[in-house]
2 protein chains.
Amino acid sequence: MTGTSIRGMPSTGAPRRATIRDVAVEAGLSRGTVTRVLNGERYVSPAAREAVERAVAKVGYVPNTAARNLALRRTHAIGFCVHEPHALFLEDPNIGSILLGANSVLSAADFQMVSIVIDSLRDSERVARYLSGGFVDGAIVVSARQDDSLFDVLHRLSVPATLVGRPPEGITMPWVGIDNRGAAAAVATHLLATGRRRVGMLAAALDRDSGADRLAGFRDALGDRFDPELVVELPLYEYTAGRAAMTQLLARAPELDAVFAASDAVAAGALEALRAAGRRVPDDVALVGFDDSSWALRCDPPLTTVHQPARVLGERAAQSVLAQLRGAPADLDGSLLETHVVVRGSA
Amino acid sequence: MTGTSIRGMPSTGAPRRATIRDVAVEAGLSRGTVTRVLNGERYVSPAAREAVERAVAKVGYVPNTAARNLALRRTHAIGFCVHEPHALFLEDPNIGSILLGANSVLSAADFQMVSIVIDSLRDSERVARYLSGGFVDGAIVVSARQDDSLFDVLHRLSVPATLVGRPPEGITMPWVGIDNRGAAAAVATHLLATGRRRVGMLAAALDRDSGADRLAGFRDALGDRFDPELVVELPLYEYTAGRAAMTQLLARAPELDAVFAASDAVAAGALEALRAAGRRVPDDVALVGFDDSSWALRCDPPLTTVHQPARVLGERAAQSVLAQLRGAPADLDGSLLETHVVVRGSA
DNA sequence: GCAGGGTCTGTGACCGGTCACAGAACGCAG
DNA sequence: CTGCGTTCTGTGACCGGTCACAGACCCTGC
């Protein structure tokens with residue numbers, strides 16, 4: 001080893017950071033007293049408190065997180081696990097809102113949020129390392145697949161976690177979600193009530209509870225009118241996939257007069273395809289989305305869609321994880337938040 | 001304290017996680033040898049190596065990050081500091097691309113990326129705690145204000161950092177960026193060359209190098225034709241702000257025949273306002289954006305805009321920080337990446 | 001004067017890794 | 001057989017915090 005001495009004496013490099021011992025010496029007290037002051041415990045004399053505060057300011061003391069984490073066996077960090085390609089993670093405003101909601105609750109509680117994006121399968125191992133390496137105290141899981149290996153990891157490591165969405169069969173864990181099935185049924189009912197007769201669906205992400213439930217609800221409400229020919233499946237909630245799927249659906253069933261898209265992004269893509277095909281929305285074809293995201297308002301005409309309280313979902317999930325950390329019994333029943341159909345110009 | 005004993009005996013709670021000592025005992029070796037195997041050092045007998053590997057698998061050992069960080073005085077984490085409101089952080093595809101680029105380089109080098117969003121001023125302190133608390137080894141700074149207090153913090157703590165964008169006067173630090181001034185001048189030149197005579201600008205974020213430089217370049221190229229009356233300032237690169245600013249500009253100068261918007265999001269808002277005012281784009285008014293983000297393609301007509309290699313900026317910034325960590329001399333000159341005007345339908 | 005309680009402080013061990021050093025085991029040349 | 005170098009292993013100290021415990025000090029009441 002001939003490299004430069006990174007851990008060498010202060011002769012080169014950064015001036016070693018002040019530790020709690022430096023503060024103790026400066027204040028003429030012991031380490032124990034300094035910790036007590038810093039953690040606001042009882043049984044500290046005003047004189048000691050003041051001396052420590054002055055010393056902290058003087059030596060520019062900042063606590064070392066790694067040391068504290070090690071001693072306390074906790075990190076004050078929560079993992080936000082998203083099982084989506086990186087790009088979609090940023091494009092999907094729904095996930096963004098959930099993230100924002102979770103983040104606001106967590107930072108209010110002085111917790112840090114660490115985004116863990118599961119992109120490729122190869123990432124599973126990295127994620128497991130993360131969750132178990134004492135990096136996070138708990139996890140919020142978003143958009144997991146029904147057969148996600150993440151569930152095994154969480155169970156094996158017994159990391160406190162809350163799922164956004166309904167857990168798959170056989171898995172019991174705390175969760176918050178919306179009634180996707182009921183909401184989808186409400187959409188279909190609305191379309192029928194406004195006189196539509198040939199109603200198609202762009203069904204996305206059937207490997208996840210949200211996608212599967214939306215299709216199920218759609219089928220519920222349509223009853224006899226349900227025609228599998230009018231359903232096109234697409235893997236992800238994506239704009240471009242929506243456009244392609246709509247084109248395909250039009251080719252297959254040119255006579256349709258309404259479409260339910262499984263998300264606003266998909267609906268925006270569908271709108272583009274409908275426009276390209278010369279169909280007027282809503283005159284020729286009614287179009288409904290899902291999420292009530294910024295996509296919905298950005299469309300022309302603005303989308304009729306299902307409002308889902310994404311921000312609140314994030315907040316609730318964060319609260320649930322924090323509650324678990326405080327030792328509260330995990331609420332395994334899950335809680336469903338209200339949704340409602342927002343009628344705008346497109347249907 | 002009557003709470004449940006979190007750190008009590010394994011009678012309740014999670015079964016204490018295996019440590020390196022457990023592995024050593026299981027393998028019939030010492031801690032030292034185990035570390036050597038785990039870190040792939042020389043001077044380990046094949047027998048020992050194999051015994052350790054078996055023991056690791058048997059006891060389910062996972063290294064504790066906090067302990068390792070403490071001992072090594074590093075975290076293998078890089079902070080990605082964004083000085084923007086939370087919401088915009090997610091909405092701005094440019095920042096998203098930079099983030100993606102940085103993340104890909106960092107995870108390839110087995111580094112973790114921690115997003116640090118500076119929203120309110122109150123956050124400055126939290127961020128300082130972060131950067132200094134041994135939480136990250138270095139930082140990538142995006143969209144800093146010219147007088148950002150973050151620069152003081154970085155300098156005081158001597159955290160290796162790289163800036164995306166040009167540093168303000170008086171600050172020397174490694175950076176990567178694009179020639180905003182030259183690119184803006186190219187846009188203005190393009191507009192003049194296509195016969196436009198009354199050219200306005202929606203100038204955003206003048207408190208940042210990108211915003212200020214784009215306005216300066218615009219003025220450079222327009223020369224005598226520059227009319228301050230035709231410039232509307234807006235605080236952030238935002239869709240809604242762009243729409244409002246365009247409405248204001250139209251009221252002020254109804255005769256204008258071209259507009260340069262400081263970002264695609266702003267341009268998309270402006271397009272909406274122009275349409276509402278009954279102006280045809282590009283027939284009545286030419287419109288140019290900046291960023292070549294997904295907004296540009298989503299508009300109708302698609303936007304003429306400036307392509308900026310956002311992903312590459314992120315990659316370069318990450319590489320620069322990693323190089324600093326390896327002890328390479330920091331490249332203080334900064335590097336400018338190429339941009340070019342992409343001509344589409346709107347101008 | 002002393003027991004008993006509350007307040008305040010200092011000390012040593014510990015969290016789970018890494019590292020420098022010391023030394024054991026072995027081969028080989030003189 | 002001794003000396004030397006290489007390979008391999010174990011030990012104790014350390015990173016920078018926290019915590020349990022022991023004790024010092026002060027006040028009060030008998």
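By convention in this document, chain letters (A, B, ...) are assigned in the order of the sequence lines, proteins followed by strands, and residues within each chain are numbered from 1.
Here B:R311 pairs with B:E315 in a salt bridge; the nearest charged N to carboxylate O distance falls below 4.0 Å.
Taking five base pairs at each end of the helix from C:dG1-D:dC30 to C:dG30-D:dC1, the local helix axes there meet at an angle of 70°, rounded to 10°.
Side-chain contact between A:R68 and A:R74 is present, with at least one heavy-atom pair separated by less than 4.5 Å. Side chains of B:I140 and B:I78 form a contact here, defined as non-hydrogen atoms less than 4.5 Å apart. With a 4.5 Å cut-off on side-chain heavy atoms, B:P174 and B:L332 count as touching. Between A:I20 and A:L38, some side-chain heavy-atom pair lies under the 4.5 Å cut-off. For the pair B:N103/B:F80, no side-chain contact is recorded, criterion being any heavy-atom separation below 4.5 Å from C-beta on. Side-chain contact between A:M113 and A:L99 is present, with heavy atoms from C-beta onward closer than 4.5 Å. A:L106 has its side chain within reach of A:L322: a pair of non-hydrogen atoms, C-beta onward, lies under 4.5 Å apart.
The nearest whole Å value for the distance from the CZ atom in B:R21 to the C1' atom in D:dG10 is 13 Å. At whole-Å resolution of the value, CD1 in A:I20 and P in C:dG10 are 13 Å apart. Between the CZ atom of B:R74 and the P atom of C:dG17 there is a distance of 13 Å, rounded to whole Å. Look at CG on B:L70: it is 9 Å from P on D:dG17, rounded to the nearest Å. For A:L38 and D:dC19, the CG to C1' distance is 15 Å, given to the nearest whole Å. We find that CG of A:L72 is positioned 11 Å from P of D:dA20, with the value rounded to whole Å. To the nearest angstrom, C1' of C:dC15 lies 13 Å from CG of A:N64.
The listed nucleotides are C:dT18, D:dG17, C:dG17; the one nearest the side chain of B:A67 is C:dG17.
Among residues two or more places apart in sequence or in another chain, the side-chain contact (heavy atoms from CB on, under 4.5 Å) test is passed with A:P160 by A:Q324, A:L325. Considering only residues two or more places apart in sequence or on other chains, A:R166 meets the salt bridge (charged side-chain N to carboxylate O under 4.0 Å, His left out) condition with A:D213. In terms of the side-chain contact (heavy atoms from CB on, under 4.5 Å) criterion, residue partners of B:V59 (sequence neighbours excluded) are, by chain and number, B:A18, B:V23, B:E26, B:Y61.
Against DNA chain C, the stretch residues 25-36 of chain B makes heavy-atom approaches under 4.0 Å through B:R31, B:T35. A heavy atom lying under 4.0 Å from DNA chain C marks the following residues of residues 39-59 of chain B, by number: B:N39.
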